[in-house]
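Computed from a predicted model, the values in this text were never measured in an experiment. All ligand and atom numbering here is 1-based and tracks the order in the structure. Hydrogens, waters and symmetry mates play no part in the numbers below; they use all other heavy atoms, side chains included.
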Amino acid sequence: MVRVWAHRGCCTRYPENTLLAFEEACRYDIAGIELDIQLTADGELVVIHDEWVNRTTDGRGMVKDFTLEQLKALRIAGPEGWTEQIPTMAEVFDLLAPVCRERGLLINIELKNSNVPYEGMEEKILALAAEKGLSDYIVYSSFNPDSVRRIKQLDPTVQTGILASKLTDCCGLEASTQADALHCNVDYLDEDKLRYWTQAPIRAWNSAEPFYPYPPRGTPYDLAELEKHFVTDIIVNQPELYCPLYENKNKRQPLFLQAETAIDMRNGGYGTGHPARMTTLIVSRAPAGSTLTLLDRRYAFAVATYNDAVPPELIYSYSYDRDAAWVTYNRDYDEANFSQETYTFEKDCFFRVCLRRLDGKDIPASEAARADGILRFLAPEQATAKVRRCFAYEIANTAWKVRAATGCVKLALMADSHYTTNSFWRDTVTNLTAVNHKAPLDGVVHLGDLTDGVLPARETAIMTRRCLQDLQALGKPLLVVPGNHDSAYFSGNRNPMTPEQEQDVLYKDVLPPSAVRQPDTFWYYYDVPEHNLRMLVLFSHDYRANPRYGYPDEELTWVRQTLEATPAGWRVLVFSHCPALPEMHYWSKDIRNGTKLVELLVEYRGSQANCKVLALIHGHNHCDQVDTNHGIPIVSIGCAKMEYFPDKKPDNSVTSPRLQNHVTQELWDVLLVNTKKDTLQFVRFGAGKDRTVQC
Ligand code: G3P
Ligand code: CA
């Protein structure tokens, strides 16, 4: 069968000849990777196809006129905001070495020395391959027969291939170059009687296929047909079309560096006001075997690691960790440990990394923004999390109750998850997924405060999106209610998200397409017509307003109009992050339009009303409460975050004890809405009790 090689990496979906393209190629069960090398002005081997940088980078000029440092400052635009650099040959060797050794991956190095006669290129590449211990995995090729010949003269044991367009030309040069293989254009397989002449492998290539960012065109090669023409190998831009995925590959994970920040070696926290440093503010999980590899040799880096023990004060108090990480520092960060060596995480842990420039210069924000071109984090693919024993019974029991309920809308309902880097959110997602699998749900409602919002806006947005993606993975409509932490306003953050940014983070590509939202507003509604149910999502905290808690006048107008326009006989649920009434709120007794909102909702419960508002449901208080004293059931949901802090709670509310590694670690509901019987049944998963509310 014809063997498949990745031409310049996976160069249809990623920029050619970049670490990203090579790394992607390694995910597939390919025979090898083809790449091109040139020499810099200071004699460094770099991987780039053209003699000029113009086509593939943001620079202009010839590779031979740039020093390596100058070349490294050029950027190659990749998908999804990735920024790549021209890799050195050494970096590519470091990336591919494990794959060569473990899977026998081959590397075809094409010496681009036909137009620029790079003096000493052959010696350099042979020496580097030998230094890296990879000589056995390489095939050297060139359109320059003298170069192929020279490689063989320098080391007769290495594999070579002679490059030419026509197969017959390759054949003609085989003897004089002592080439081991013929590398010809797939469109010039012009010798039918070939096997009378040579037994050498024929590796066919095609440079006319489009490269990223241009979309692929044409039809895939018929490998069986090529085999009839004696082709043994094909070098293609889209190896993924021909090869299955190769399992167990480490995957690149993005790092987000913040300029002017450093790690405090005493407590592992981050500090601001360090112009010569940049640091990852988000603490990331590093499964055993993960690596950090420096791509830009102008830098050095040092790592702080953390274990998964949760500082108790973060559970048993009302306090938010300014690092947004419920982990314990291993006291291993040291300013003296800055290094350029690849860092391997021996055990599962969490980490933060700090970088400085070797020349001691300050690091501008633009440098921090291209972190993925400076430091690469490779982590093993995370296996799907398994249900833990302490939750197994609760999953079965919850699913049983949910399955038994008929004629109702089934919604996962969660409040105040306050995601930080820790192990609990993974449990929550796993448990929710398991319940949904056993007893399919109709949707998910998150009542706000997805994260603590104590990190700067960018990091808060990244973490919020992670949570939302986890919830979206359930494949059910997801309604997000904006909370007071979601704008990253909290804890003195000087630059919270603008309302537009917050709406983007919470709603864009998240809300179901049929959710009805006017442009630039936080409030919206979503209908479940099969059950004559409308759900209104409210905005209840605006850091720009005074007082901050409450509901804008325009929102109240919208609530009235929306209720008025609700089809006759329909039922309505209203979700708000914050409670509407002062007596239900410890933090501020001044709530804009709160009482008016409740009065308005009560109006739509009377016999004259076209529809009926069943209940107002909120989070924020981190406690459970059902109030029936205000003409409409007002239901508070405890916090999904594992917190046990009974102080500062409204009268008649319940705060349930929580224990790690115990079913009470969790707290969320499946809400069963019966619009015929006007009942709300809250089936509790974890701490607390089931509740039924007759509306
Ligand atoms: O090595 C085979 C092939 O890559 C030669 O063409 O232009 O893509 O380097 P090119
Ligand atoms: Ca090539």
Side-chain angles (χ1 to χ4, degrees), residues 2-12 14-19 21-22 25 30-39 45-57 62-63 76 86-87 89 92 96 105-118 121-122 125 137-148 151 158-171 173-174 177 179-190 200-214 216-218 221 226 231-239 242:
V2 173
R3 290 174 293 247
V4 175
W5 298 57
H7 186 220
R8 311 183 200 173
C10 272
C11 63
T12 302
Y14 297 96
E16 66 183 60
N17 281 329
T18 58
L19 294 175
F22 298 140
I30 50 173
I33 288 176
E34 188 268 359
L35 53 84
D36 310 279
I37 56 169
Q38 315 262 353
L39 272 182
L45 289 164
V46 287
V47 180
I48 175 170
H49 178 273
D50 302 359
E51 286 78 14
W52 295 78
V53 299
N54 303 25
R55 180 176 62 88
T56 52
T57 78
M62 294 190 80
V63 176
I76 302 172
I86 298 171
M89 190 63 238
V92 176
L96 299 182
L105 180 91
L106 299 174
I107 309 172
N108 173 198
I109 299 176
E110 184 190 339
L111 288 78
K112 281 288 184 201
N113 49 9
S114 300
N115 299 328
V116 178
Y118 291 117
M121 182 183 240
E122 293 84 359
I125 188 64
Y137 300 100
I138 296 167
V139 176
Y140 298 96
S141 62
S142 175
F143 283 99
N144 178 349
D146 293 337
S147 186
V148 177
I151 290 268
V158 300
Q159 293 285 311
T160 58
I162 179 68
L163 265 166
S165 286
K166 291 183 180 173
L167 179 55
T168 45
D169 291 342
C170 290
C171 282
L173 289 163
E174 184 186 348
T177 56
D180 301 293
L182 312 176
H183 290 206
C184 66
N185 191 308
V186 70
D187 293 327
Y188 293 92
L189 301 169
D190 57 345
I202 297 173
R203 302 199 182 103
W205 49 268
N206 176 7
S207 282
E209 288 182 299
F211 296 90
Y212 177 86
Y214 299 101
R217 57 176 154 71
Y221 294 109
L226 287 174
V231 171
T232 56
D233 301 68
I234 180 99
I235 304 174
V236 291
N237 289 10
Q238 283 185 282
Y242 308 90

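- In this structure, atom 7 (O) of ligand 1 lies nearest to the protein heavy atom His49 NE2, 2.7 Å.
- The backbone N or O of Tyr140 sits nowhere less than 3.5 Å from a side-chain atom of Thr160 that would complete a donor-acceptor pair.
- In terms of protein heavy-atom proximity, atom 5 (C) of ligand 1 is closest to Glu110 OE1, 3.5 Å.
- When the Ca ion (ligand 2) is compared with the N/O/S atoms of Glu34, atom OE2 turns out nearest.
- Atom CG in Asn113 sits 9.0 Å away from atom CD in Gln38 (nearest 0.5 Å).
- Heavy atoms of Ile235 stay at 4.0 angstrom or farther from ligand 1.
- Between the CD atom in Gln238 and the OG1 atom in Thr12 there is a gap of 4.0 Å [rounded to 0.5 Å].
- Of the candidates Ser207, Ser141, Ala204, it is Ser207 that places a heavy atom closest to atom 10 (P) of ligand 1.
- Ring geometry for Phe143 versus Trp205: interplanar angle over 60°, hence perpendicular rather than tilted (30 to 60°).
- Shortest distance from the Ca ion (ligand 2) to Asp36 is reached at OD1 (N/O/S atoms only).
- Among Glu122, Glu110, Lys112, the single residue meeting the side-chain hydrogen bond (donor to acceptor under 3.5 Å, both in side chains) criterion with Ser147 is Glu122.
- Each of the atoms 9 (O) of ligand 1 lies under 4.0 Å from some heavy atom of Asp36.
- Glu16 places no side-chain N or O within donor-acceptor distance of the main-chain N or O of Arg8, the cut-off being under 3.5 Å.
- Below 4.0 Å from some heavy atom of Glu34 lie the following atoms of ligand 1, by number and element: 1 (O), 2 (C), 3 (C), 4 (O).
- For atom 2 (C) of ligand 1, the candidate residues are Phe143, Trp5, Trp205; the nearest heavy-atom contact is made by Trp205.
- The shortest separation from a heavy atom of Lys112 to ligand 1 is under 4.0 Å, placing the residue in contact.
- Within the structure, the closest approach of His183 to ligand 1 does not fall below 4.0 Å when heavy atoms are considered.
- Less than 4.0 angstrom separates some heavy atom of Arg8 from each of these atoms of ligand 1: 7 (O), 8 (O), 10 (P).
- Asp169 and Tyr188 are not linked by any side-chain donor-acceptor pair at a separation below 3.5 angstrom, with hydrogens and angles left out of the test.
- Closest of all the heavy-atom pairs between Pro87 and Thr18 is CG-CA, 4.1 Å.
- Of all atoms in ligand 1, numbered sequentially from 1 with element shown, those under 4.0 Å from a heavy atom of Leu163 are 1 (O), 2 (C).
- Among the heteroatoms counted here (N, O or S) of Glu110, OE1 is the one nearest to the Ca ion (ligand 2).
- When only modelled atom types and interatomic distance are considered, Thr56 and Asp50 share no side-chain donor-acceptor pair under 3.5 Å.
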